[in-house]
Amino acid sequence: DACTALMLDKRGLSMDLLLRRRSHRTLLLVDDDTSTRAALANIAKLAGYCLLDAADAQAAFAILAQHDVGVIVYEQYAPGMSGVEFFSRMRHMYPNSVRIMLSRSADPSVAADAINHGAVFKFVQKPWKPAALTVILDAAFAQYEGDAILVRSA
């Protein structure tokens, strides 16, 4: 009955979303601050994520070329490129990756710029609470994995 209802409503299952594996949640952190990278490594380990990290934009591009990354966390002021510029590029190069911007600054114009460019999923100010960041990361992976796998066909 459920399959018939799907077909009659011209809906189907998106194969792209079905092929993404929940068991391999890969997270890329780009930040030159070693203490931030260590803190996120602890969160990633507890949550079961595969963490890749880079100190700057160039290293991040190299990692992204070699790995399937679901969530990218980028420090707005990381060396080599601003977070807004980096995510603007990522939105076109890796449109399915979910992007989270970190910032040590409380400047609301930074968050507004990132959001207005449509380049970020969430904006997180340092320092963060580990439990709150874990919730954000779980939501980002859920979006990447496509919890709503039903798509309407034309």
Side-chain angles (χ1 to χ4, degrees), residues 13-152:
L13 299 177
S14 169
M15 294 307 293
D16 178 51
L17 296 173
L18 289 173
L19 294 174
R20 294 184 189 158
R21 296 174 293 172
R22 289 179 186 263
S23 62
H24 191 68
R25 289 181 156 187
T26 302
L27 168 68
L28 171 62
L29 169 64
V30 185
D31 196 325
D32 62 333
D33 179 39
T34 55
S35 62
T36 298
R37 293 196 340 239
L40 196 58
N42 288 335
I43 291 171
K45 184 178 180 182
L46 290 172
Y49 306 144
C50 173
L51 177 67
L52 305 171
D53 67 356
D56 58 39
Q58 280 305 109
F61 284 123
I63 289 170
L64 287 163
Q66 297 176 19
H67 299 276
D68 182 24
V69 174
V71 176
I72 304 168
V73 178
Y74 193 94
E75 162 58 55
Q76 165 60 18
Y77 302 104
M81 187 178 299
S82 76
V84 173
E85 182 182 354
F86 182 83
F87 280 151
S88 291
R89 290 185 185 186
M90 291 302 97
R91 191 177 77 198
H92 299 291
M93 295 170 67
Y94 303 97
N96 294 328
S97 291
V98 178
R99 298 163 299 276
I100 298 172
M101 186 173 306
L102 291 178
S103 183
R104 56 185 171 255
S105 167
D107 183 358
S109 67
V110 172
D113 194 26
I115 293 166
N116 289 338
H117 282 90
V120 298
F121 172 71
K122 291 286 183 186
F123 185 89
V124 177
Q125 187 175 339
K126 293 178 180 179
W128 66 75
K129 293 186 185 327
L133 186 57
T134 301
V135 168
I136 291 169
L137 292 171
D138 284 343
F141 278 112
Q143 179 170 324
Y144 174 72
E145 292 159 351
D147 278 348
I149 61 172
L150 293 177
V151 294
R152 204 168 278 282

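Numbers here are sequence positions counted from 1. Just so it is clear, the values below take in all heavy atoms, side chains as well, and ignore hydrogens, waters and symmetry mates. Small disclaimer: the values here were computed from a predicted structure and weren't measured.
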Legend entry - For Leu27 against Tyr49, the heavy-atom pair lying closest together: CD2-CD1, 4.1 Å
Inset, instruction - Would you please test Asp32 and Asp56 for side chain to side chain contact (heavy atoms under 4.5 Å, CB included) and show each step? - result: CA-CA 6 Å; Asp32 62 333; Asp56 58 39; over 6 Å; no
Inset, instruction - Dump the intermediate steps for side chain to side chain contact (heavy atoms under 4.5 Å, CB included) on Val84 and Gln76, then the final yes or no. - result: CA-CA 7 Å; Val84 173; Gln76 165 60 18; 3.8 Å; yes
Legend entry - Side-chain touch Arg25/Glu145, heavy atoms, less than 4.5 angstrom: yes
Inset, instruction - Taking all heavy atoms of Ala54 and all of Arg37, pick out the closest pair and write down the distance. - result: O-CD, 4.0 Å
Inset, instruction - May I ask you to test the Tyr74-Leu28 pair for a side-chain heavy-atom distance under 4.5 Å? - result: no
Legend entry - Lys/Arg N to Asp/Glu carboxylate O, Lys126 vs Asp31, below 4.0 Å: yes
Legend entry - Side chain to side chain, Ile100 and Ile72, heavy atoms closer than 4.5 Å: no
Inset, instruction - Dump the intermediate steps for side chain to side chain contact (heavy atoms under 4.5 Å, CB included) on Asn96 and Asp68, then the final yes or no. - result: CA-CA 10 Å; Asn96 294 328; Asp68 182 24; over 6 Å; no
Legend entry - No-hydrogen, no-angle side-chain donor-acceptor test under 3.5 Å, Asp33 and Tyr77: no
Legend entry - Reference residue Leu51; test side chain to side chain contact (heavy atoms under 4.5 Å, CB included); the match among Leu29, Thr26, Val73: Leu29
Legend entry - Nearest heavy atoms of Gly80 and Ala57, plus distance in Å: C-CB, 4.4 Å
Inset, instruction - Measure the shortest side-chain to side-chain distance between Asp53 and Val30 over non-hydrogen atoms and say whether it is less than 4.5 angstrom. - result: no
Legend entry - Working for side chain to side chain contact (heavy atoms under 4.5 Å, CB included), residues Phe141 and Val98: CA-CA 8 Å; Phe141 278 112; Val98 178; over 6 Å; no
Inset, instruction - Any chance you could measure Gln58, atom CD, to Met81, atom CE, to the nearest 0.5 Å? - result: 6.5 Å
Inset, instruction - Flag the pair Phe86 / Phe61 as yes when their ring centroid distance falls below 6.0 Å, and as no otherwise. - result: yes
Inset, instruction - Indicate yes or no: at least one non-hydrogen side-chain atom of Phe87 is less than 4.5 angstrom from one of Arg99. - result: yes
Inset, instruction - Could you tell me whether the side chain of Phe123 reaches within less than 4.5 Å of the side chain of Ile136, counting heavy atoms only? - result: no
Legend entry - Test item: Glu85 and Ser82 side chains (from C-beta on) under 4.5 Å apart, heavy atoms: yes
